[in-house]
**Q** 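Just passing along the structure, written as structure tokens.
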Amino acid sequence: MEYKYHEIEAKWQKIWKDKQIYKIEIDKDRPKYYVLDMFPYPSGAGLHVGHPLGYIASDIFSRYKRQKGFNVLHPMGYDAFGLPAEQYAIQTGQHPAVTTEKNVNRYREQLDKLGFSYDWSREFRTCDPDYYKWTQWTFIQLFNSYYDKKADKAQPITELIARFEQSGTENVDAASTEPLTFTAEEWKAMDEKTQQQTLMNYRLAYLADTWVNWCAGLGTVLANDEVVNGLSVRGGFPVERKLMKQWILRVSAYAERLLAGLEKVEWTDSLKEIQRNWIGRSEGAAIWFPLSTDDEYNWKRIYMGGNYDGVKDEVAFEIFTTRPDTIFGVTFMVLCPEHEMIGQITTPGQKEEVEAYVTWAKNRSERDRQAEVKKVSGVFTGAYAINPITEERIPIWVSDYVLSDYGTGAIMAVPAHDSRDFAFARHFNLPIRQVVAPNPNDLSDPDTWTESMDSKTGYMVNSGFINGMTVKDGGKAIIERVKEQSIGYGTVNYRLRDAIFSRQRYWGEPFPIYYKDGMPYPIPEEELPIQLPAVSEFKPTETGEPPLARAENWTYKGYPMEYNTMPGFAGSSGYYLRYMDPHNDKEYFSKEANEYWRNVDLYVGGAEHATGHLIYSRFWNKFLHDIGLSCEEEPFKKLINQGMIQGRTNFVYRIVGSNKYVSLGLKDQYDVTPIRVDVNIVRNDVLDTEAFKKWMPDFADAEFILEDGQYICGWEVEKMSKSKYNVQNPDDLVEKYGADTLRMYEMFLGPIEMAKPWDTNGIEGVFRFIKKFWRLFHDKDFNWCVSDEEPTREEYKILHKTIKKIEEDNEKFSFNTAVSAFMICTNELGDAKCNKRKILEPLCILMSAYAPHITEELWSMLGHPDSIVDAAYPVHDESYLQESDFTYPVSFNGKMRVKLSFPITYTQKEIEPILLDNADVQKWLDGKQPKKIIVVPKRIINIVF
RNA sequence: GCCGAAGUGGUGGAAUGGUAGACACGAGGGACUUAAAAUCCCUUGCCCAUUGCGGGCGUGUGGGUUCAAGUCCCACCUUCGGUACCA
């Protein structure tokens, strides 16, 4: 029979489905292995050729692991809540659920054609009420928890309440928005509303006024990772800062554990580094700078909070610095424009100017602010602070180079050793004092200060009691001193911000929250899920309320419910856990399922989720771990990032002012404009000129200047997009070459983690190989022709070499070299005219992970009633590989090259490498037999006579 | 600016410190065929020689370690990704 891939692939896809070959259950007798793809957002455009890259890789690995005896969980589903469906709904009035359903069906159809081994019985979508019930449930758990820093884990909020009742904030060390202190009596004296407000300060999901990234174009707020350069990632609309009441997840409480956990997972270094930078741990000190009060003004005495144990009736600003050692170089202080103390400390004379500056700074869009980073601006408050170490009086300034949401929104400025402070001091003519020098006797003039001057190492100068110390010791000494005087302490700051969890959208999970007396309360768990209500329109209301404000009876027992919905990352944060037990209606997942499947062993997806989904998911899982649900602390043990597939755009060259097109090689002789041309009418960079004429009416009467009778197109690598005519969807290729060829070709393209342009130029080669492989089992008239003869040693060697190579490559995820190995093996067996069952059968098993349809067909033709999916993975026999009688070239310094033929054993370990000299080789050539020849593969290292 | 990754033929890409360019595409030549498709064989890093052997140069640039470097070390250049008034 000829290789009819359409028939074969359709046949087996149906059999797999009918027999539920890929459905798996917990099996305690077998080790588990969990392989997961980042589930897709089902967009209207359907699957493009870049999507399957990761899916194919994970499918190969799942099939491989299954044949190795593992019980493999390999599920798939859809991240179905999201903006595109909603925006489409706003434009057309069509309900997002309808579009989503349509897109999901399209995706499924495309995925099915590629022969994946997903257990579809576990499929769910994040927009299914059965699923988002558990997203809502987790939210309530977060709401009902706080982070106990002493236990280093989340604890029930009821426990915190009990502590407050007993001893107030005494002995409570909890992650909080504001540092608060009160006694048990004060707590008990609070009314319910005040108590609820106080608890909000500690909850892991809390409601607070916060500066958000507001995107008017999308009508919603965005998380930090959804904003790039002041523009929204989706849509590219400008983003501004706005103070809004929002739900927030206290992700920052987990900063240290998120950082520490990176040590335990097998991710790429670059991805771990991206997360480390995003978490941004900096060690330093918090120090209080009291307000100078010996002025003519009568300061209202204010205590600035914190765990400040100093003189309590003093006004003091808490600052954070990573360089406490430079405190002798402080010549001024800077507050951020949002700092709440500004109004109270500004002197009457400066009031007008300061207010004008603050108003200007607050209203500036994020984009403007980022664009003008280099521009120095600021204003003097008229007030002074006291440097607590030097007791010097220093001016307090306001400037937007100090950020409100990092540290304390106040800094001590050391212009000699910080480039921003330096620029500020220069601009406003403030004094600059050097306190670090490379060598204590060499004080370079501060005027010559440059950013390149390395002040991270060196010795302290002009620095009182730390003079002469190294920078490191100086820092330690200052921390000790401020601790002694109770005016500061060593501390750690993180760049990682809490995650804003409200979106002013319709197509997301509703919050299980209602409001009583202005305070939020969770709806009882047994009433979940809170279903997304119907609305008359999907856009925000005229008064700017989110779309849910349009829903009728959006109340709970007469109380209004939350109008916001949850963000995209809510549903994707814990989905991998639900696959373990997807139909459980009593629990998120059963303990039994979780203890068996534990966590994801291999996670495959794009690196673009490094600072979004992959952080949130880890946070989510750590929280569920703390409350006793998820038994593993890290959700994704090993992660590989598939590189983006870029488009490869083809160009034709139109001669200016005509409808003539000139081939690539001749274009320099004319004045031409390059024009993008649909890659689907170009084959191996040769244009199908007839198809081109039909492509668009403008080209109907095109003329061509050919070279060698062909029109050759130019090409460039660009992002894959419809408008560039470089989108390839997998269906056409499956139609043309079959799924097995497409699967192997996508792997053959290059290393999985590398970004690469999609290019179909090589697919013919893989197709040829698949056909050659088919022919190994058939004679030239395509009659089945497999013999039961015993293979020769040579043939076994080809097989075992391949088994070994494929196994190594699978373990390394080096699928491109594995495909090459299959090609080599097939060529060698073809040359040897080997059609022996004992060789071909194991080869089928090896290749079934890559090309499941053709191998399944051959497997059944070989007489196996069961699917190849569960065939045992072959083991290679080293004895076929050790011996070699190849000929090795030996060169030596006499410029002579001889070829020696001998059997060798690899004995690399005992080598003391020695250069062969003429005499050694001469002896050998003279016929003297060497006692021992030490070789490494392909090279002789030493000969012992 | 800071952090990370990568630079190898016409192209995609192979090379535990050990014959650089596997495998594939493309290209050139040939066989089969009335012809085309399909298939098969040969050549294919560059330069010189090609009547045969062969010789020289080559992995972004410049140094270094080593018997031996695409691979390790130092400096630089380029490209891509992340991040950015983060004190």
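Everything quoted here is computed from the prediction, not taken from an experiment. Residue numbers start from 1 in every chain, and the chains themselves are labelled A, B, ... in the order their sequence lines are given, proteins ahead of strands.
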**Q** What's the closest nucleotide to the A:I411 side chain, out of B:A87, B:C23, B:U83?
**A** B:A87
**Q** Is there a Watson-Crick or G-U wobble partner for B:G17 with both distances under 3.5 Å, and if so, which one is it?
**A** none
**Q** How would you label the contact of A:T268 with the nucleic acid (heavy atoms, under 4.0 Å): base, sugar-phosphate, or nothing?
**A** nothing
**Q** Taking a pair as Watson-Crick or G-U wobble with both distances under 3.5 Å, which nucleotide is matched to B:C80?
**A** B:G4
**Q** Are any side-chain N or O atoms of A:H778 and backbone N or O atoms of A:W774, one a donor and one an acceptor, separated by less than 3.5 Å?
**A** yes
**Q** Suppose we call a contact any N or O donor and acceptor under 3.5 Å apart; does that hold for the side chain of A:R281 and the base of B:C86?
**A** no
**Q** Could you give the distance separating B:A37 and B:A27 at their P atoms, to the nearest angstrom?
**A** 12 Å
**Q** Can you tell me the distance, in whole Å, between the CE atom of A:M847 and the P atom of B:C23?
**A** 18 Å
**Q** Grab the CG-C1' distance between A:D418 and B:C2 for me, whole Å please.
**A** 14 Å
**Q** Is there a Watson-Crick or G-U wobble partner for B:U44 with both distances under 3.5 Å, and which nucleotide is it?
**A** B:G26
**Q** Which of the following nucleotides, B:U83, B:C85, B:G82, is nearest to the side chain of A:I274?
**A** B:G82
**Q** Taking the C1' atom in each of B:G9 and B:G58, what is the distance between them to the nearest angstrom?
**A** 11 Å
**Q** Who is the Watson-Crick or G-U wobble partner of B:U34, with both distances under 3.5 Å?
**A** none
**Q** Whether A:R495 contacts B:A84 is assessed here as follows: a side-chain N or O lying under 4.0 Å from the phosphate OP1 or OP2. Is that the case?
**A** yes
**Q** Polar pairs (N or O, both sides) under 3.5 Å between protein and nucleotides 10-14 of chain B?
**A**
unit_1, atom_1, unit_2, atom_2, d
B:G12, O2', A:L749, O, 2.7
B:G13, O3', A:N816, ND2, 3.4
B:A14, OP1, A:N816, ND2, 2.9

**Q** Figure out the CG/P separation between A:D325 and B:A87, and round it to whole Å.
**A** 14 Å
**Q** Under 4.0 Å, heavy atoms only, any strand: does A:I824 hit a base, just the sugar-phosphate, or nothing?
**A** sugar-phosphate
**Q** Sticking with atom C1', work out how far B:A69 lies from B:G17, rounded to a whole angstrom.
**A** 7 Å
**Q** Does any nucleotide pair with B:U65 by Watson-Crick or G-U wobble geometry, both distances under 3.5 Å, and what is it?
**A** none
**Q** Applying salt bridge (Lys or Arg N to Asp or Glu O under 4.0 Å), name anything that partners A:E828, two or more places apart in sequence or on another chain.
**A** A:K801
**Q** Contact class for A:V402 (heavy atom, under 4.0 Å): base, sugar-phosphate, or nothing?
**A** base
**Q** Hey, are A:R775 and A:E2 close enough for a salt bridge, meaning a charged N less than 4.0 Å from a carboxylate O?
**A** no
**Q** For the side chain of A:H417 and the backbone of A:V435, is there at least one donor-acceptor N/O pair under 3.5 Å apart?
**A** yes
**Q** Start with the C-alpha distance between A:Y737 and A:Y5, add both sets of side-chain angles, then the distance that settles ring pair (Phe, Tyr, Trp, His ring centres under 6.0 Å), and finish with yes or no.
**A** CA-CA 8 Å; A:Y737 300 103; A:Y5 52 89; 7.9 Å; no
**Q** Tell me the interatomic distance from A:Y5, atom OH, to B:A38, atom C1', rounded to whole angstroms.
**A** 13 Å
**Q** Determine the Euclidean distance between corresponding C1' atoms of B:G18 and B:U66; express it in Å to zero decimal places.
**A** 12 Å
**Q** Look at the side chain of A:R420 and decide which nucleotide, out of B:A87, B:U83, B:C86, has an atom nearest to it.
**A** B:C86
**Q** Considering only side-chain heavy atoms of A:S270, which listed nucleotide, B:C3, B:A87, B:G4, is closest?
**A** B:G4
**Q** Identify whether the distance between the nearest side-chain nitrogen and carboxylate oxygen of A:K805 and A:E807 falls below 4.0 Å.
**A** no
**Q** If the P atom of B:C40 is compared with that of B:A49, how far apart are they to the nearest Å?
**A** 36 Å
**Q** Looking at B:A87, I'd like to know if its phosphate oxygens (OP1 or OP2) sit under 4.0 Å from a side-chain N or O belonging to A:Y406.
**A** yes
**Q** Choosing from B:G82, B:A87, B:C3, which nucleotide comes nearest the side chain of A:E273?
**A** B:C3
**Q** Please classify B:G9 as syn or anti, treating any glycosidic angle within 90° of 0 as syn.
**A** syn
**Q** Taking any heavy-atom pair under 4.0 Å as a contact, classify A:K272: base, sugar-phosphate, or nothing.
**A** nothing
**Q** Expressed as a whole number of angstroms, how long is the span from A:D809:CG to B:A15:C1'?
**A** 12 Å
**Q** Tell me, please, which residues at least two apart from A:A286 pass side-chain contact (heavy atoms from CB on, under 4.5 Å).
**A** A:E318, A:Y489, A:T491
**Q** A:I770 has an atom CD1; how far is it from atom P of B:U39, in whole Å?
**A** 13 Å
**Q** Please report the distance, rounded to the nearest Å, between CD in A:E2 and C1' in B:A37.
**A** 12 Å
**Q** Which base sits across from B:G58 as a Watson-Crick or G-U pair, both distances under 3.5 Å?
**A** none
**Q** Between A:A821 and A:T322, which residue's closest nucleotide on RNA chain B lies nearer the 5′ terminus?
**A** A:A821
**Q** Can you tell me, in whole Å, how much space there is between the C1' of B:U83 and that of B:C73?
**A** 29 Å
**Q** Is there a donor-acceptor contact under 3.5 Å from the side chain of A:N816 to the main chain of A:M747?
**A** no
**Q** Pick the P atom in B:G56 and in B:A20, then give their distance to the nearest Å.
**A** 13 Å
**Q** Applying a 4.0 Å non-hydrogen cut-off, can you work out what A:R768 is touching in the nucleic acid: base, sugar-phosphate, or nothing?
**A** sugar-phosphate
**Q** Which nucleotide wins on minimum distance to the side chain of A:N277, given the candidates B:C3, B:A24, B:A87?
**A** B:C3
**Q** Between A:E608 (CD) and B:U83 (C1'), how many Å, whole number?
**A** 16 Å
**Q** Applying the side chain to side chain contact (heavy atoms under 4.5 Å, CB included) test to A:L829, which of A:L776, A:N835, A:L799 qualifies?
**A** A:L776
**Q** Which comes earlier along RNA chain B counting from the 5' end, the contact point of A:K812 or that of A:M823, where each point is its nearest nucleotide?
**A** A:K812
**Q** Is the side chain of A:D325 donor-acceptor paired with the backbone N or O of A:G475 at a distance under 3.5 Å, no angle test?
**A** no
**Q** Touch check for A:D400, heavy atoms < 4.0 angstrom, all strands: base, sugar-phosphate only, or nothing?
**A** base
**Q** Report yes if at least one side-chain N or O of A:K771 is closer than 4.0 Å to OP1 or OP2 of B:A38; otherwise report no.
**A** no
**Q** Under 6.0 Å between ring centres: does that hold for A:F428 and A:W397?
**A** yes
**Q** Rounding to the closest angstrom, what is the interatomic distance between B:U44 and B:A38 at atom P?
**A** 24 Å
